[in-house]
Amino acid sequence: MSQKQLPPVKVRDPTTGKEVELTPIKVWKLSPRGRRGVKIGLFKSQETGKYFRAKVPDDYPETG
DNA sequence: TTAATTGT
DNA sequence: ACAATTAA
C-alpha cells in the first residue's frame, strides 16, 4: 500500500496567533445526527509545543 | 472529567 | 445543544 503523506493544512495557531501550515496528527468528523458537521484536526504547535484543534477542509481524508 | 474545536 | 477526540 502506498502510504501518501497528508498535505499540510493552513490553520490559525491559537497559541501564537499566527497562520501556519501543519499536518494534523489525527482527523475526524464532528457532526450531530442529521446535521452536516465539520472535520476537525488535532495539531501540535511547532512554536509552543501546545496541542490544539481546528477545522480542516471537508474533503480532507480522515485518519485512523 | 473537562475544555476546546465548527456549523446547523 | 450536539457530535468525536484527546491533552491536560
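Quick caveat: nothing in here was measured; it's all calculated off a predicted structure. As a basis for the values below, the full set of heavy atoms in this structure was taken, side chains included, without hydrogen atoms, waters or symmetry mates.
- Following rounding to the nearest Å, Y60(A) (OH) and dA4(C) (P) show an atom-to-atom distance of 22 Å.
- Residue R53(A) places a side-chain atom within donor-acceptor reach of the base of dT6(C), judged by atom type and a 3.5 Å distance cut-off alone.
- Each of W28(A) and G34(A) has a nearest nucleotide on DNA chain B; the 5'-most of these lies closest to W28(A).
- Which of dT6(C), dC2(C), dT5(C) sits closest to the side chain of P32(A) comes down to dC2(C).
- Put simply, NZ on K26(A) is 4 Å from P on dT6(C), counting in whole angstrom units.
- A salt bridge is absent between D59(A) and K39(A): the closest approach of a Lys/Arg side-chain nitrogen to an acidic carboxylate oxygen does not fall below 4.0 angstrom.
- In this structure, of dA8(C), dA3(C), dA7(C), it is dA8(C) that holds the atom nearest to the side chain of K50(A).
- Between the P atom of dA4(B) and the NZ atom of K44(A) lies a distance of 19 Å, rounded to the nearest Å.
- In this structure, CZ of R35(A) is placed 15 Å from C1' of dA4(C), rounded to the nearest angstrom.
- Rounded to an integer number of Å, the gap from NZ of K29(A) to P of dA4(C) is 12 Å.
- Using a 4.0 Å cut-off between charged side-chain N and carboxylate O, K18(A) and E47(A) make a salt bridge.
- Distance from the side chain of L30(A) is smallest for dA4(C) among the nucleotides dT6(C), dC2(C), dA4(C).
- Relative to the side chain of Y51(A), the nucleotides dA8(C), dT6(C), dT6(B) differ in distance, and dA8(C) lies closest.
- No more than 12 heavy atoms of other residues, nucleotides or ligands lie within 6.0 Å of CD in Q46(A), so this atom counts as exposed by the packing criterion.
- The hydrophobic clustering, which links ILVMFWY residues whose side-chain heavy atoms are closer than 4.5 Å, places F52(A) and V9(A) together.
- The nearest whole Å value for the distance from the CZ atom in F43(A) to the P atom in dT6(C) is 14 Å.
- Remark: P of dT6(B) and CZ of F52(A) are 10 Å apart, rounded to the nearest angstrom.
- At a threshold of 4.0 angstrom between heavy atoms, the contacts of K39(A) with the nucleic acid are absent.
- The CD-P distance, from E62(A) to dT6(B), rounds to 17 Å in whole Å.
- Y51(A) and L6(A) are assigned to two separate hydrophobic clusters, defined by single-linkage of ILVMFWY side chains at heavy-atom distances under 4.5 Å.
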